[in-house]
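Note: hydrogens, waters and symmetry copies are ignored here, and every other heavy atom, side chains too, is used.
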Amino acid sequence: MKDFSTKDFATHSSLRPVAAPSTIIRPSRTHQELHKELLLTHRKGLGLRSKPELLKVLERRRCQQENKELQGHEKTPLEQELQKRLQRKEQQKLEDAKEIKENDYE
């Protein structure tokens, strides 16, 4: 096996050191402005208290959709029966309360 000297390494093309890129890629002006704005809002603490505009819009749309579904929602037979039972129970409680009051006065 042959011993390699430093001279042999320098001449071999696959072993040559690669120079680091001399130019640094700089972000665009708009990117710099956005970054600066984010830093300012972070320092002020405004970003933590308020939601981004997109989240606000999506939340508003979801609420509107839920309201439309609730307004146009017809009750199923099960829901109707449960509602009737609830009304009967409430009516029974009112009648029982009236009877108790009448018995107390007598």
Side-chain angles (χ1 to χ4, degrees):
M1 183 170 210
K2 183 179 176 184
D3 289 330
F4 290 103
S5 66
T6 56
K7 184 178 179 183
D8 291 336
F9 281 116
T11 58
H12 198 276
S13 64
S14 65
L15 300 175
R16 284 191 194 141
V18 177
S22 60
T23 58
I24 298 173
I25 300 172
R26 297 185 63 182
S28 67
R29 184 171 189 86
T30 56
H31 184 270
Q32 289 174 346
E33 291 170 358
L34 287 172
H35 184 67
K36 188 184 287 187
E37 185 179 341
L38 282 173
L39 285 175
L40 288 173
T41 56
H42 177 71
R43 287 181 189 150
K44 290 181 183 179
L46 298 175
L48 300 176
R49 285 184 254 136
S50 63
K51 291 183 180 179
E53 187 66 26
L54 178 61
L55 285 178
K56 289 178 185 177
V57 170
L58 291 174
E59 188 174 302
R60 192 177 318 126
R61 283 185 184 174
R62 184 174 41 85
C63 288
Q64 288 174 352
Q65 184 68 26
E66 288 174 358
N67 288 339
K68 285 180 183 178
E69 288 176 1
L70 289 176
Q71 289 173 356
H73 176 67
E74 292 187 22
K75 293 183 179 180
T76 62
L78 176 63
E79 289 173 329
Q80 292 172 356
E81 187 62 34
L82 291 173
Q83 185 68 30
K84 286 178 187 178
R85 286 184 185 184
L86 182 63
Q87 289 174 353
R88 278 189 239 136
K89 273 189 173 183
E90 290 175 358
Q91 186 66 29
Q92 186 66 34
K93 283 182 184 180
L94 289 173
E95 290 173 4
D96 290 344
K98 284 181 185 179
E99 287 179 14
I100 291 173
K101 284 183 182 179
E102 290 175 0
N103 289 337
D104 288 342
Y105 289 126
E106 291 178 357

>> I'd like to know whether CD of E79 has more than 12 heavy-atom contacts from other residues, nucleotides or ligands below 6.0 angstrom.
In response: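 More than 12 within 6.0 Å, yes.
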> Hey, what do you get for CD (Q64) to CG (N67), rounding to the nearest 0.5 Å?
Replying inline: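 Rounded to the nearest 0.5 Å, the CD-CG separation comes out at 8.0 Å.
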> Once you round to the nearest 0.5 Å, how far does OG1 of T30 lie from CD of E37?
Replying inline: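 T30 atom OG1 to E37 atom CD measures 12.0 Å (nearest 0.5 Å).
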> Quick one: side-chain contact (heavy atoms from CB on, under 4.5 Å) partners of R29, sequence neighbours excluded?
Replying inline: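 Here the qualifying residues are E33.
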Using distance only, find each side-chain donor-acceptor pair of residues 81-95 under 3.5 Å and give its atom names and separation, not counting sequence neighbours.
from: Q92; atom 1: NE2; to: D96; atom 2: OD1; distance (Å): 3.2

